[in-house]
Amino acid sequence: QVQVVESGGGLVQAGDSLRLSCAASGRTYDMAWFRQAPGKEREFTALISWNGGDTRYKDYVKGRFTISRDNAKNTVYLQMNSLKPEDTAVYYCAASTYSSLSAHPSHYSYWGQGTQVTVSS
């Protein structure tokens, strides 16, 4: 069983930066961030392979968000720059116990409780 815990959310202004962290308690392979805005479905944001060599991003965050990981700390990060009000959402970290570089939620067996990110205009 892998425990996943996110941290780092908060209230910021448009144009600001924020870094989310996700600590996993066990061995993981692909890890990803998803987000869910009020009244909308959960959507893929970014993923990273087990060794950090491959990353994938949803189009609307390319060039602004960067996913990275430190396997020595079992932690994944999401650096979010140039934040926009439309980035406001609960951000969820997800972990998979195998590698496929899939952006589909079903690939990920373990999920955190989420961390709120609010961007004011």
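The closest donor-acceptor contact from the side chain of Asp30 to the backbone of Ser100 lies under 3.5 Å. Thr75 contributes a side-chain N or O that, together with a main-chain N or O of Lys73, makes up a donor-acceptor pair within less than 3.5 Å. Using a distance-only test at 3.5 Å, with no hydrogens or angles considered, no donor-acceptor pair links the side chain of Thr55 to the main chain of Leu47.
Remark: Cys93 SG to Glu6 CD distance equals 5.5 Å, nearest 0.5 Å. Within the model, atoms CG of Leu78 and OH of Tyr91 stand 7.5 Å from one another, a figure rounded to the nearest 0.5 Å. Rounding to the nearest 0.5 Å places CD of Glu86 at 11.0 Å from OH of Tyr60.
Ion pair Asp59/Lys62 flagged as a salt bridge, since at least one NZ, NE, NH1 or NH2 atom sits closer than 4.0 Å to an Asp/Glu carboxylate oxygen. With salt bridges taken as basic N to acidic carboxylate O contacts below 4.0 Å, none links Glu43 and Lys58.
Geometric assessment of Arg42 against the ring of Phe34 yields a negative cation-pi assignment under the 6.0 Å and 45° thresholds.
A donor-acceptor contact under 3.5 angstrom links the side chains of Thr118 and Gln116, judged on distance only.
Applying the side-chain contact (heavy atoms from CB on, under 4.5 Å) rule to Ser17 yields the partners Gln79, Asn81; only residues at least two apart in sequence or on another chain are considered.
Of the options Ile48, Leu101, Ile67, a side chain to side chain contact (heavy atoms under 4.5 Å, CB included) to Arg56 is made by Leu101 and by none of the others.
Minimum heavy-atom separation, Pro105 to Trp111: O-CZ2, 3.7 Å. Between Cys22 and Val4, the shortest heavy-atom distance links the atoms SG-CG1, 3.2 Å.
Residue Tyr29 qualifies as open at atom OH: its count of foreign heavy atoms under 6.0 Å is 12 or below.
Looking only at side-chain heavy atoms (C-beta outward), Trp33 and Met80 stay at 4.5 Å or farther from each other.
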Inset, instruction - Apply the test side-chain contact (heavy atoms from CB on, under 4.5 Å) to residues Tyr108 and Thr97: give CA-CA distance (whole Å), side-chain angles for both, the deciding distance (0.1 Å), then the verdict. - result: CA-CA 8 Å; Tyr108 300 89; Thr97 54; over 6 Å; no

Inset, instruction - Under the side-chain contact (heavy atoms from CB on, under 4.5 Å) rule, what do Met31 and Asn74 come out as? Steps first, then yes or no, please. - result: CA-CA 11 Å; Met31 292 193 72; Asn74 279 353; over 6 Å; no

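Here the two rings, on Phe44 and His104, have centers that are 6.0 Å apart or farther.
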